[in-house]
Protein chains: 2
Amino acid sequence: MSIRKGRSVTISDVAEAAGVSRAAVSKVIRDAYGVSPGMRARVQSAIEQLGYRPSVAARALRGSSYRLGLEVPHVNARFMTQIMTGAKQAVSGTPYQVILAPADGPEYSTLESLADGLVDGIIAVSPLVDPAWLEDLAGRIPVVMLGRHDTPSGYDTVIGDDRTGTRAIMRHLFDLGHRRIAHLTEPEPVTAPGTGTPHAIRLQVYRECMAEAGLGDLVQVARRHDDSEPARQAAAELVARHDRPTAIVAGHDDIALDALAAVAAAGLRDRVAVVGYDNTDLAEHPLIDLTSVDQQGVEMGAEAATMLLERLQGRIEPRHYVATTHLHVRGSSVRPTSDRAETGGRDQLE
Amino acid sequence: MSIRKGRSVTISDVAEAAGVSRAAVSKVIRDAYGVSPGMRARVQSAIEQLGYRPSVAARALRGSSYRLGLEVPHVNARFMTQIMTGAKQAVSGTPYQVILAPADGPEYSTLESLADGLVDGIIAVSPLVDPAWLEDLAGRIPVVMLGRHDTPSGYDTVIGDDRTGTRAIMRHLFDLGHRRIAHLTEPEPVTAPGTGTPHAIRLQVYRECMAEAGLGDLVQVARRHDDSEPARQAAAELVARHDRPTAIVAGHDDIALDALAAVAAAGLRDRVAVVGYDNTDLAEHPLIDLTSVDQQGVEMGAEAATMLLERLQGRIEPRHYVATTHLHVRGSSVRPTSDRAETGGRDQLE
DNA sequence: CGACCCGTGGAGAACGGTCTACAGTGACGC
DNA sequence: GCGTCACTGTAGACCGTTCTCCACGGGTCG
């Protein structure tokens with residue numbers, strides 16, 4: 001039923017076909033007040049017949065595009081899959097849709113390009129952008145930020161309980177008998193104290209727990225060298241040290257995968273424990289079998305989208321949601337080898 | 001430098017501030033002909049000062065949004081990461097940006113909602129949508145399809161060389177001595193003969209190779225039960241059979257991961273070979289160590305985006321790009337166990 | 001000195017919707 | 001018979017750009 005090729009059918013075409021005004025058609029498609037059943041039927045059938053679809057651009061210009069934007073730092077961050085899944089769930093049944101904009105570089109420009117009228121609201125995972133800048137952005141368009149531990153006034157936040165999650169990991173490792181526990185995390189900027197990023201908190205809590213256990217001098221922090229490189233190299237250096245840790249707490253599952261790779265490559269799979277964060281789908285794979293903290297990524301995504309929808313309905317006062325965490329213990333939680341004299345075989349105690 | 005909160009700064013604001021007309025400002029930002037250096041400078045400084053950013057919606061309504069849409073069937077398909085990476089590379093340096101729209105359900109509506117004026121062009125991975133419908137879509141907006149082996153006239157295609165890739169896998173397995181080789185793939189609709197999907201081709205070539213090797217009666221095809229469920233269950237059933245295959249050719253790496261999981265869960269890691277397709281980043285992980293066919297996903301994404309840009313420049317005649325394949329042999333390519341006498345009732349012939 | 005041209009800037013009509021204000025109509029009550 | 005009212009439908013401005021003319025001014029040339 002398509003009309004002249006190359007030109008799409010507009011609301012005027014429909015109006016003409018149905019013998020009514022453009023405004024009338026608009027009312028019908030918006031399901032607005034003041035439409036008689038007769039007109040509705042005629043318009044609907046014209047719409048059907050012409051295959052009319054409202055232009056998002058025109059709608060956006062006038063008011064809303066019915067699109068929500070999800071900005072994530074990297075295409076391949078596995079955690080974002082959970083967020084996206086949750087967000088899509090939350091908007092299903094509403095006229096809204098979620099589109100994804102991976103930054104893979106400068107986050108400011110990605111966020112701005114989203115805010116430039118493409119979407120009605122933004123969900124973003126951008127730990128490092130300036131709070132003041134965000135408040136400004138939030139003044140122009142509703143914003144929900146994921147993983148920011150500040151309590152801003154202009155936008156909403158959704159975070160996991162990083163303190164509790166990290167403490168659960170540390171307690172678990174202590175219980176297994178680990179003492180020499182290293183932390184493998186993101187590059188410096190993302191983990192600097194005071195930034196309030198999840199990774200900064202996890203690092204800080206790691207330090208706290210070590211100190212509380214009287215292990216302050218065993219603290220070892222390793223980082224991904226480069227923001228775009230995997231953490232495999234850093235992990236390899238960690239396990240090659242003479243004071244090799246018996247356990248590695250990774251900043252998140254992707255890093256944990258790299259740690260596992262390095263550990264496995266060194267033949268230390270059953271001598272060095274690895275723990276991740278996010279409980280991504282791969283963690284439960286039998287070959288990976290990674291202990292990890294579930295911070296309800298899907299719920300976080302759903303909650304973020306819901307908050308955004310509320311803001312689009314007119315809510316002004318900020319909300320801050322904290323997801324609960326749950327530690328999933330799996331095979332990567334090996335016990336520490338009790339001494340160094342054993343020959344390279346299977347030798348953890350138990 | 002932000003102006004009155006809540007209202008964003010428009011081209012008129014800039015024009016007023018610079019003491020020129022809106023048209024003049026438009027010329028400056030589009031770098032169009034007919035601007036004196038003096039005016040350019042004044043306008044630029046006004047833009048700077050006001051923090052002006054052109055509205056995408058208004059631009060889109062008028063002509064182009066400078067956004068390209070990438071539609072993928074599932075959020076979590078690991079192959080799409082490669083595509084996205086390539087596409088982003090290709091548009092970097094141009095004024096275009098790539099946004100992602102995961103379908104996770106009805107592809108028609110996802111595609112249409114992209115076509116509704118949000119983007120200037122579409123790259124899509126939608127093996128099953130009707131060719132005629134696509135031609136129609138392509139009449140309204142430039143389209144590049146990934147993984148469609150048809151040769152349409154209205155849109156471009158980018159595919160991998162599925163025949164060669166699959167033959168390489170089969171030869172590799174035959175060379176290792178495998179005879180009882182099963183194929184684990186997507187649900188029926190995606191692999192039905194004649195659909196021309198990559199998975200249909202891979203299945204067909206699998207059958208051909210088996211037949212050519214005189215092993216037609218050992219053909220075993222297993223499928224994911226449900227479109228949204230992982231293939232783990234199907235894989236588990238496959239390895240539980242009394243005529244268990246010695247090698248599993250998976251439709252792609254995600255399925256191969258499930259196959260590996262089932263094989264590992266059954267304690268058959270070194271007795272059943274698994275081969276994937278796409279050579280996703282996980283394949284080279286030491287704990288996964290999956291033999292897989294690299295079909296240059298990044299190049300495919302880059303090529304698709306480049307084609308789209310060409311179309312936006314005015315190209316009409318269709319292009320069809322075929323990416324080369326390369327088999328990466330890794331540890332999952334175990335040899336078949338040579339006898340049935342081993343403990344635990346392994347009893348496949350030969 | 002008038003015709004012409006080129007370089008520069010502006011006026012105003014699109015683009016495709018939404019939304020406010022208002023007009024027409026028939027029913028109803030007094 | 002007339003004012004009121006609820007209900008439908010329309011006219012037209014508006015959103016923020018782009019783009020096609022057109023006007024203006026000054027230099028060149030015949």
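Letters A, B, ... are given to chains in the order of the sequence lines, protein chains preceding strands, and every chain is numbered from 1.
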Side chain of [X] - closest among [options]:
X     : options                : result
B/K27 : C/dG9, C/dG17, D/dT17  : C/dG9
A/A23 : D/dT17, D/dG12, C/dA11 : D/dG12
A/I11 : D/dG16, C/dG17, C/dG10 : C/dG17
B/L61 : D/dT10, C/dG16, C/dA14 : C/dG16
B/S21 : C/dT18, D/dT17, C/dA11 : C/dA11

Does the side chain of [X] pick up a donor-acceptor pair with the side chain of [Y] at under 3.5 Å?
X      : Y      : answer
A/S26  : A/R30  : yes
B/T81  : A/N76  : no
A/T151 : A/H320 : no

Original post:
Are B/H74 and B/P102 close enough that some pair of their side-chain heavy atoms sits under 4.5 Å apart?
Top reply: no
Original post:
Taking NZ, NE, NH1 and NH2 as the nitrogens, is one of them in B/R311 or B/D156 under 4.0 Å from a carboxylate oxygen of the other?
Top reply: yes
Could you tell me how far apart [X] ([atom1]) and [N] ([atom2]) are, to the nearest whole angstrom?
X      : N      : atom1 : atom2 : answer
B/R42  : C/dT8  : CZ    : C1'   : 12 Å
A/L118 : D/dG16 : CG    : P     : 16 Å
B/R62  : C/dG16 : CZ    : P     : 10 Å
A/R140 : D/dC15 : CZ    : P     : 19 Å
A/D13  : C/dG16 : CG    : P     : 8 Å

**OP:** Measure the spacing between OG1 of A/T157 and CE of A/M300 and express it to the nearest 0.5 Å.
**Re:** 9.5 Å
Original post:
Hey, what do you get for CG (A/L309) to CE (A/M307), rounding to the nearest 0.5 Å?
Top reply: 11.5 Å
Subject >> Earlier contact from the 5' end, DNA chain C, for B/R40 and B/A58 >> reply: B/R40
Between [X] and [N], is there a side-chain N or O to OP1/OP2 distance below 4.0 Å?
X     : N      : answer
B/R22 : C/dA11 : no
B/Y66 : D/dT18 : no
B/S26 : D/dT18 : yes

Original post:
Does anything in residues 29-39 of chain B reach DNA chain C, meaning a heavy atom under 4.0 Å, and if so which residues?
Top reply: B/Y33, B/G34, B/V35, B/S36, B/M39
